[in-house]
Amino acid sequence: MIKITLPDGSIREVAAGSTALQIAQSISPRFASEVLSSTVNGELWDIQKPINEDSSLKLHKWDDDKGKLAFWHSSSHLMAAALEQLYPGIKFGIGPAIESGFYYDVDSPTPITEGDLAKIEQKMVELARQGQTFVREDISKDEAMRRYTEKGDQYKCELIEGLEDGTITFYTNGGYTDLCRGPHIATTSIIKAVKLTSVAGAYWRGDEKRKMLTRIYGITFPKKSLLDEYLVLLEEAKKRDHRKLGKEMELFYFSPKVGQGLPMWLPKGAALRERLENFLRNVQKQYGYEQVITPHIGMKELYVTSGHYAKYGKDSFQPIHTPNEDEEFLLKPMNCPHHCEIYKFKPRSYKDLPVRLAEFGTVYRYEMSGELHGLTRVRGFTQDDAHLFCRPDQLKDEFKKVIDIVLYIFKTLKFDNFTAQISLRDPNNREKYIGTDENWEKAETAIIEAAAEKGLNTVVETGEAAFYGPKLDFMVRDAIGRKWQLGTIQVDYNLPERFDLTYKGSDDKDHRPVMIHRAPFGSMERFVAVLLEHTAGKFPLWLTPQQAVVMPISEKFNEYAQKVAKLLNNCDIRTLVDDRNEKIGRKVRDNELAKVPLLVIVGEKEEAENTISVRVQGQGDKGSMSLQDFTAMVAQKVKEEISKIGSNN
RNA sequence: GCUGUUGUAGCUCAGUGGUAGAGCACUUCCUUGGUAAGGAAGAGGUCUCGGGUUCAAUCCCCGAUAACAGCUCCA
């Protein structure tokens, strides 16, 4: 018997031997027309392949990721069919479904550009309407190889070579046949809306040494209205782009004359950053951190010792030479070596540990020009860095405290949609890393255990570790869904050895401390970028550069407006006066659009009664009140935004 | 770094092989107002840079450069 769980949760049983599509048909033809894919015992299963054994079957529709997967993957075949007709001789790489839509990598005899997309879309719609079915065919590896060798398709041949021996499946829709694991939807006629979004280059098999193919991205929907909704969503996301908001709000600026990837913080951005730094400084003070300040350069030998020179020297900024021969300095690409030297400036006792050295340290890394991206990927940036030197028995506890800090910050700034990722080394590629296996194992175990004890939901990625140690990263998405690493915590047994760091134990012998690198924001630049996209520029009151604006009704009340602004500023409410020669309606509009959270209007009535009229951004008129009531209201709001440390546990 | 697209006023963007345009912002004047755009006048450009084609290039071609999308990379 086959046990079927329907999308509504109800369960039915049918005899084995039918396909998922037939079973869906027996429930109702209408229902069957919405079924996109199926899973048998949790594994994806072709909806047209008979299920012969006792098993449990699930049917997936559009509202389910597994349904979308089949829909979009089938759409990529539909696009391939269209491309084959439009560009005879075109060769295909791979064409999977992705998080939103699909792509296909192609090698076309004639170049395909953005201008061609409309034509391809049209062809896809035309083919989709023909209601092509996806026909499955099982053939041998040799036969598959023979077919593609005949066609002279080196890409598919290479893919087949990489497959295990045995049967290989092909799918045909219309005149287009493709090597494919499946599964697919029943017919192309349910693809009702097609949008090809972009063309870009992509290396064959992701290898930068190999040929670059043309990647065409697209997305399809079973209903036209869903496509419209998607396009609106994309437009909304574009409005939240931190590069656009940063310009509009005058937060930061890139000058070609200063250089690529070297952001300059404008007065408002600097004020915002300063507030964020102070916020973290206060948190860290409560956790026993000490602030240090180190230079922006260091002797080459410093980085030879740390191992960074061997690993990154050639890809980095060129050394700085002095009039002295053989003397070379490097711009610092990270702060750890300097902090290790600070640790060494005096003998340490086991009683002194943990030593927690924090610095807002500006570092420089020569990122390849194509990697630069607004404030999220730059060549000069400031890490909210700290290095904790602790005894091995303190490691896990210290690590957990750092997790607390990160979670506290994310909670305060309402980053509730983060992913915690444990990055381990690739055990098959050990030469990429420094340090002994034993130390790596200790470090990896510490991270896994600490994360588990904190109840974090983690994903594990092997091969993503730093070259000196494993890490726990906190990833947050930007407005259009790209993932960025913000907070990071790393365990390191290696640098203490390389720098020969020691502490005197209770046994009067020298011992090796363990080091934790951590940056809860990641970098000030990237954090502000993601914060901008999350808040769409409407920062929480405690953080926003300008909290209030006082708008006099006419010039006659400018003096009173100045007086009110001065009183508010004295109460630590960051306030400016808008005394432009404009009508009040205009001032309200401009300041609403500038996202000033509190708008204060003063005129004849307010001056006579010694009050103010208040408007809250996005919420309209709140009526008049005394200055005392207003400042109390603001203080209350700020207090609500910044909860006490530790309350997230 | 690779592939592709784009570069016109402070910003957002039209436009043309024959001496360059709009809206917003800016300056001045009028207006002195009650919760999302009051009116008028003015100023502002080596059309990213360097070559080439042409009688003539902002426009066509080549190269550089920067931004954008993706790939690759990310201490």
Side-chain angles (χ1 to χ4, degrees), chain A residues 98 103 105 111-115 197-217 238 241 243-244 247-248 250 253-257 259-261 303 306-313 315-316 332-337 363-374 376-379 383 385 434 464-469 471 480 482 484-485 488 490 492 495 517 519 526 551-558 581-594 599-606 613-624:
Chain A
I98 52 176
Y103 67 78
D105 285 346
I112 298 173
T113 66
E114 221 134 299
T197 44
S198 70
V199 207
Y203 299 110
W204 169 234
R205 313 213 93 178
D207 185 343
E208 62 178 320
K209 291 186 184 66
R210 306 195 63 175
K211 183 169 173 143
M212 182 162 276
L213 305 181
T214 305
R215 178 169 295 179
I216 306 174
Y217 285 91
K238 271 191 201 152
D241 189 313
R243 293 165 298 194
K244 181 174 150 70
K247 195 182 264 180
E248 286 170 4
E250 298 187 358
Y253 172 61
F254 290 90
S255 154
K257 212 158 190 172
Q260 269 189 294
Y303 303 103
S306 70
H308 289 101
Y309 188 81
K311 182 87 184 166
Y312 295 102
D315 304 324
S316 198
K332 75 173 169 188
M334 81 295 304
N335 304 295
C336 6
V363 298
Y364 300 89
R365 296 176 186 178
Y366 189 78
E367 305 287 5
M368 291 195 288
S369 63
E371 315 307 336
L372 301 172
H373 182 97
T376 46
R377 193 84 182 270
V378 286
R379 285 179 173 166
Q383 293 181 309
D385 211 355
I434 57 170
E464 292 291 312
F467 75 97
Y468 52 77
K471 26 179 212 170
I480 61 168
R482 286 180 290 222
W484 294 99
Q485 176 210 305
T488 179
Q490 311 172 4
D492 186 356
L495 280 187
H517 309 244
R526 188 177 284 180
M551 299 177 284
I553 295 283
S554 82
E555 276 171 19
K556 283 182 250 167
F557 311 105
N558 279 359
N581 179 7
E582 294 291 351
K583 289 188 170 181
I584 194 65
R586 180 53 182 269
K587 292 186 188 182
V588 166
R589 176 182 153 85
D590 288 349
N591 285 290
E592 283 273 351
L593 290 174
L599 297 90
V600 172
I601 293 164
V602 293
E604 191 175 1
K605 178 167 153 275
E606 287 76 14
S613 175
V614 176
R615 234 187 115 96
V616 175
Q617 204 268 341
Q619 296 175 28
D621 196 355
K622 296 282 173 192
S624 61

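Note on naming: letters A, B, ... go to the chains in the order of the sequence lines (proteins, then strands), and numbering restarts at 1 for each one. Not measured: the values here are computed from a predicted model.
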Taking any strand in view, what nucleotide pairs with [N] in a Watson-Crick or G-U wobble way, both distances under 3.5 Å?
| N | value |
| --- | --- |
| B:A41 | B:U27 |
| B:U35 | none |
| B:C60 | B:G52 |
| B:A67 | B:U5 |
| B:C73 | none |
| B:U16 | none |

Between [N] and [M], how far is it from one [atom1] atom to the other, in whole Å?
| N | M | atom1 | answer |
| --- | --- | --- | --- |
| B:A43 | B:G50 | C1' | 31 Å |
| B:U35 | B:U31 | P | 22 Å |
| B:G52 | B:A14 | P | 31 Å |
| B:C24 | B:A69 | C1' | 28 Å |
| B:A22 | B:A75 | C1' | 49 Å |
| B:G15 | B:U54 | P | 29 Å |
| B:G44 | B:C11 | C1' | 13 Å |
| B:A66 | B:C30 | P | 49 Å |

Would you say the side chain of [Y] lies within less than 4.5 Å of the side chain of [X], judging by non-hydrogen atoms?
| X | Y | value |
| --- | --- | --- |
| A:Ile553 | A:Ile601 | yes |
| A:Tyr203 | A:Arg210 | no |
| A:Gln490 | A:Asp492 | no |
| A:Lys587 | A:Pro552 | yes |
| A:Tyr468 | A:His517 | yes |
| A:Glu592 | A:Arg615 | yes |
| A:Met334 | A:Arg365 | yes |
| A:Arg379 | A:Ser369 | yes |

Between A:Arg526 and A:Thr376, is there a donor-acceptor pair closer than 3.5 Å when you use the side chain of the first and the backbone of the second?
yes
For atom CG of A:Leu213 and atom P of B:G4, their distance in whole Å
13 Å
With respect to the phosphate group of B:G1, does any side-chain polar atom (N or O) of A:Ser369 fall under 4.0 Å of OP1 or OP2?
yes
Report all interatomic pairs (protein N or O, nucleotide N or O of nucleotides 10-13 of chain B) with separations under 3.5 Å.
from: B:U12; atom 1: OP1; to: A:Lys247; atom 2: NZ; distance (Å): 3.3

Generate the contact string for nucleotides 34-44 of chain B. Rules: B means base contact, S means sugar-phosphate contact only, - means no protein heavy atom under 4.0 Å.
BBBBB------
Quick tally for nucleotides 68-75 of chain B: nucleotides whose base has a protein heavy atom under 4.0 Å get B, sugar-phosphate-only ones S, the rest -, giving SSBBBBBB
For A:Val363 and A:Gln383, the nearest pair of non-hydrogen atoms, with its separation, is CG1-OE1, 4.0 Å
Could you pull out the closest heavy-atom pair between A:Pro333 and A:Tyr303, with the gap in Å?
CD-CE2, 3.6 Å
Upstream residue (5' side of RNA chain B) when A:Gly259 and A:Glu114 are each assigned their closest nucleotide
A:Glu114
Would you call the rings of A:His308 and A:Phe467 parallel, tilted or perpendicular, where under 30° means parallel and over 60° means perpendicular?
perpendicular
